Structures are given as structure tokens and as C-alpha cells.
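All figures in this text were calculated on a predicted structure; none of them were measured in a lab.
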Amino acid sequence: MMINLVRTLLFVVTVVVLCSGCGTFRAKSPGSEPQEVETREVLAQPPSLAVSHSIEGASVNLTFLTRNFTFVKPGEKQSNRSGQGYVRVMVDNQTTSVYNNRFDTADLTPGAHTFSAELVQNNGRAYPNTKINFTITIKPSEPAATF
């Protein structure tokens, strides 16, 4: 983790040094006023994941919020491309692959349930720093009132 941080900082410093000569300059063309031209560089951001959930009785509904990521549908597996893949979801140590931004569970027993979700590349390898672990507790249902 520390090595990645050092590499990232070194990369940023290198880009800043290289781009320090870039900037605004005037291009001249015959018979026209000089125009300003600006050069900018954009650094690609890695995919990221956030998870929100709602509980309805014994069901849990997960919504995956992704950034810089595209879901690849099952059967459309392509060669590994950065920013593509699916979400690997684990509920009480049972794994499921999810190819869109929603996942619903039903009929969970009352008590605590462990969940994890992470972004996965087309080749099955997890994207770094995207795994989220959490616990959700299902409350016992209240008995129906009898008259």
C-alpha cells in the first residue's frame, strides 16, 4: 500500500515537472491575430465502489454506486479491459456475481448477516481497494395480531 502511494506521488511529480514547460503559447498564422492555445492533461482515475442498502422485512436490497466502471453482462465476456467487469457479492459466505447496479436478497433469517461487495475485472481478479464489508441485522418479524 505504501509502495503504491510512493509510486503515485512519484508519477504526479514527474507529470508536473514534464508539464511545467507546457502551458499557454501563441500560435501565429499568416494574416490573422495570434491565438492562445492551452494544453491540459487528465489523469485516469481507477474504478471505485460505494454500496447503499435498504431493508424490507426479511429482504435486503443493495444498490451499487460505481465511478469509472462499466458492467459487462454475462455471456459478453470480453478481453480484460480496465474499468469493466462485475460486482462480486458475498452474503454469509455465499458468492454471487452481479452484472448491474442492484442486488436483492429475500427470506433472510432474523439475526446478523455478513455482506461484502467488490468490483471484479473481466478476468475474475478484484480491483484493488474496492472491497466493502458490512453487517446487516434482520429483526424478528412481529407476530400477526389475532382478534
Side-chain angles (χ1 to χ4, degrees), residues 1-27 35-147:
M1 182 96 163
M2 186 64 162
I3 292 174
N4 288 338
L5 179 61
V6 171
R7 285 183 184 163
T8 302
L9 288 173
L10 183 60
F11 176 76
V12 170
V13 168
T14 303
V15 169
V16 169
V17 169
L18 290 175
C19 289
S20 63
C22 300
T24 304
F25 63 92
R26 297 195 180 272
Q35 298 176 357
E36 289 190 19
V37 177
E38 189 173 320
T39 303
R40 294 182 186 209
E41 184 171 345
V42 177
L43 300 175
Q45 298 293 317
S48 63
L49 173 68
V51 180
S52 67
H53 74 275
S54 63
I55 302 170
E56 297 175 17
S59 298
V60 174
N61 306 310
L62 303 178
T63 302
F64 307 114
L65 309 166
T66 61
R67 194 176 256 172
N68 301 319
F69 185 78
T70 303
F71 289 97
V72 175
K73 295 178 183 175
E76 291 182 9
K77 294 228 175 185
Q78 303 171 1
S79 60
N80 198 45
R81 291 187 178 146
S82 181
Q84 291 186 349
Y86 56 95
V87 178
R88 180 182 298 142
V89 177
M90 288 185 71
V91 180
D92 297 330
N93 294 319
Q94 292 185 338
T95 304
T96 302
S97 298
V98 180
Y99 298 90
N100 58 51
N101 68 338
R102 287 195 49 91
F103 177 72
D104 302 322
T105 65
D107 302 323
L108 293 173
T109 59
H113 297 274
T114 58
F115 286 76
S116 72
E118 67 184 327
L119 295 179
V120 179
Q121 300 175 38
N122 295 337
N123 63 6
R125 297 177 110 179
Y127 281 97
N129 304 315
T130 63
K131 189 169 187 178
I132 300 171
N133 298 306
F134 52 99
T135 302
I136 295 176
T137 301
I138 302 296
K139 296 179 182 177
S141 61
E142 295 185 21
T146 56
F147 296 97

Original post:
What salt bridge (Lys or Arg N to Asp or Glu O under 4.0 Å) pairs are there with at least one residue in residues 108-122, not counting sequence neighbours?
Top reply: R88-E118
Original post:
Does N123 use its side chain to pair, donor to acceptor, with the backbone of N80 at less than 3.5 Å?
Top reply: no
For a quick test of your reading: what N or O donor-acceptor pairs under 3.5 Å do the side chains of residues 130-141 make, sequence neighbours left out?
from : atom 1 : to   : atom 2 : distance (Å)
T130 : OG1    : L119 : N      : 3.2
T130 : OG1    : Y127 : O      : 3.0

Subject >> Pairwise distance CG(N93) to NE2(H113) - rounded to 0.5 angstrom >> reply: 12.5 Å
For residues 60-71, please give each side-chain donor-acceptor pair under 3.5 Å, one per line with the distance, not counting sequence neighbours.
from : atom 1 : to   : atom 2 : distance (Å)
N61  : ND2    : S54  : OG     : 3.4
N61  : ND2    : E56  : OE2    : 3.3
T63  : OG1    : R102 : NH1    : 3.3
N68  : ND2    : Q45  : O      : 3.4

Original post:
Do you know the tightest heavy-atom contact between G83 and P47?
Top reply: CA-CG, 3.9 Å
Subject >> All side chain to side chain donor-acceptor pair (under 3.5 Å) counterparts of H53, not counting sequence neighbours >> reply: none
**OP:** Starting at OH of Y86, measure out to CG of N122 and round the result to the nearest 0.5 Å.
**Re:** 8.5 Å
Subject >> Within-4.5 Å side-chain heavy-atom neighbours: F103 and V87 >> reply: no
